[in-house]
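We count ligands from 1, going down the list as the structure has it; atoms in each ligand are counted the same way.
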Amino acid sequence: SKFGKVRTCNVVPAPDRGQAECNIAVLGITGSGKSALTVKFLTKRFISEYDPNLEDTYTSEEIVDQQPVLVKLMDTADQDGPVNCQRYVTWATAFLVVYSIDNRRSFEGCQQYLDAVRLHTRGIQPKPVLILVGNKLDMERYRQVSKSDGADLAARYSCLFFEVSACLDFGSVQNMFHEAVREARRA
Ligand code: GDP
Ligand code: MG
């Protein structure tokens with residue numbers, strides 16, 4: 001026949017070459033805990049000392065709602081805010097913008113990142129997923145940013161909002177990254 005030799009057809013699913021991927025960039029000023037959150041998600045551990053200038057991208061095979069996804073995480077290390085943001089704005093489908101609840105300045109820094117992402121992804125469909133993250137929830141005693149201030153900023157940029165800690169439970173950090181995947185799937 002025109003198909004050549006007829007083969008028996010095994011009912012074995014073909015390997016999934018089009019595996020779903022989700023690229024997530026972790027943004028925010030130095031010291032907000034981007035690397036600690038990234039490492040926590042990847043290893044379930046809190047690493048307290050991490051080179052503040054180190055920027056790297058990691059991959060992790062995750063199962064989110066019973067569906068596999070290859071999560072790529074860019075743990076950024078901007079030296080001067082989001083001035084050279086091309087490398088991540090054109091790459092990521094989701095952005096976690098991190099501040100530390102015990103540092104007002106880190107919160108103020110978030111607005112620049114939110115604006116930069118907005119500006120550079122204007123008109124792009126699907127819209128990027130934006131998540132505002134108040135980290136260091138274990139530092140409640142030294143809180144400088146109220147939960148409602150965080151929620152208000154998130155509402156202004158229509159992003160999700162989480163308060164977490166890189167040194168407390170793994171589940172809430174994992175859930176936050178998984179929410180980024182869920183939102184990206186919905187987009
Ligand atoms: P990055 O510059 O945003 O990557 O911040 P790092 O992840 O390097 O963290 C900066 C500092 O904050 C380090 O001394 C970390 O140990 C500390 N840190 C990070 N996350 C937390 C947290 O959730 N709670 C507390 N108490 N310290 C944290
Ligand atoms: Mg870092």
Inset, instruction - Report yes or no: does a heavy atom of I29 sit under 4.0 Å from some atom of ligand 1? - result: yes

Legend entry - contact_flag S32 ligand 1 heavy-atom lt 4.0 Å: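 True for this residue.
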
Heavy atom of the protein closest to [atom] (residue, atom name, distance):
atom: atom 20 (N) of ligand 1; value: N135 ND2, 3.2 Å
atom: atom 22 (C) of ligand 1; value: K136 CG, 3.4 Å
atom: atom 5 (O) of ligand 1; value: G33 N, 3.1 Å

Just jot down the ligand 1 atoms closer than 4.0 angstrom to any heavy atom of [X], in number order.
X: A166; answer: 20 (N), 22 (C), 23 (O)
X: M139; answer: 26 (N)
X: T30; answer: 2 (O)

Inset, instruction - Give the single entry among D102, D138, L168 that approaches atom 24 (N) of ligand 1 most closely by any heavy atom. - result: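 Going through D102, D138, L168 one by one, D138 has the nearest heavy atom to atom 24 (N) of ligand 1.
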
Legend entry - Donor-acceptor side-chain pairing of Y157 and D115 below 3.5 angstrom: yes

Inset, instruction - Could you check whether the rings of F41 and F177 sit parallel, tilted or perpendicular, using 30° and 60° as the cut-offs? - result: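 Aromatic pair F41/F177 classed parallel.
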
Inset, instruction - Please list, in chain and residue-number order, the protein N/O/S atoms closer than 2.8 Å to the Mg ion (ligand 2). - result: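 Within the sphere that stays under 2.8 Å of the Mg ion (ligand 2), the protein atoms of type N, O or S are S35 OG.
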
Hey, does [X] come in under 3.5 Å of ligand 1, counting only N/O atoms on both sides?
X: A36; value: yes
X: I47; value: no
X: L137; value: no
X: S35; value: yes
X: G31; value: yes
X: D75; value: no
X: S48; value: yes

Closest non-hydrogen atom pair between [X] and [Y], with its separation:
X: D149; Y: F107; value: O-CZ, 3.4 Å
X: C85; Y: A116; value: SG-CB, 4.5 Å
X: T30; Y: P52; value: CG2-CB, 3.9 Å

Legend entry - Nearest-0.5 Å distance, CE of residue M176 to NZ of residue K40: 11.0 Å

Legend entry - Nearest-0.5 Å distance that lies between atom OH in Y58 and atom CG in L73: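 CG of L73 is found 9.0 Å from OH of Y58.
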
Is the side chain of [X] donor-acceptor paired with the backbone N or O of [Y] at a distance under 3.5 Å, no angle test?
X: Q79; Y: A77; result: yes
X: T121; Y: I124; result: no
X: T76; Y: D78; result: no
X: E62; Y: V71; result: no
X: N23; Y: W91; result: yes
X: T43; Y: R45; result: yes

Inset, instruction - Taking side-chain contact (heavy atoms from CB on, under 4.5 Å) as the test, write out the residues that go with E61, two or more places apart. - result: L70

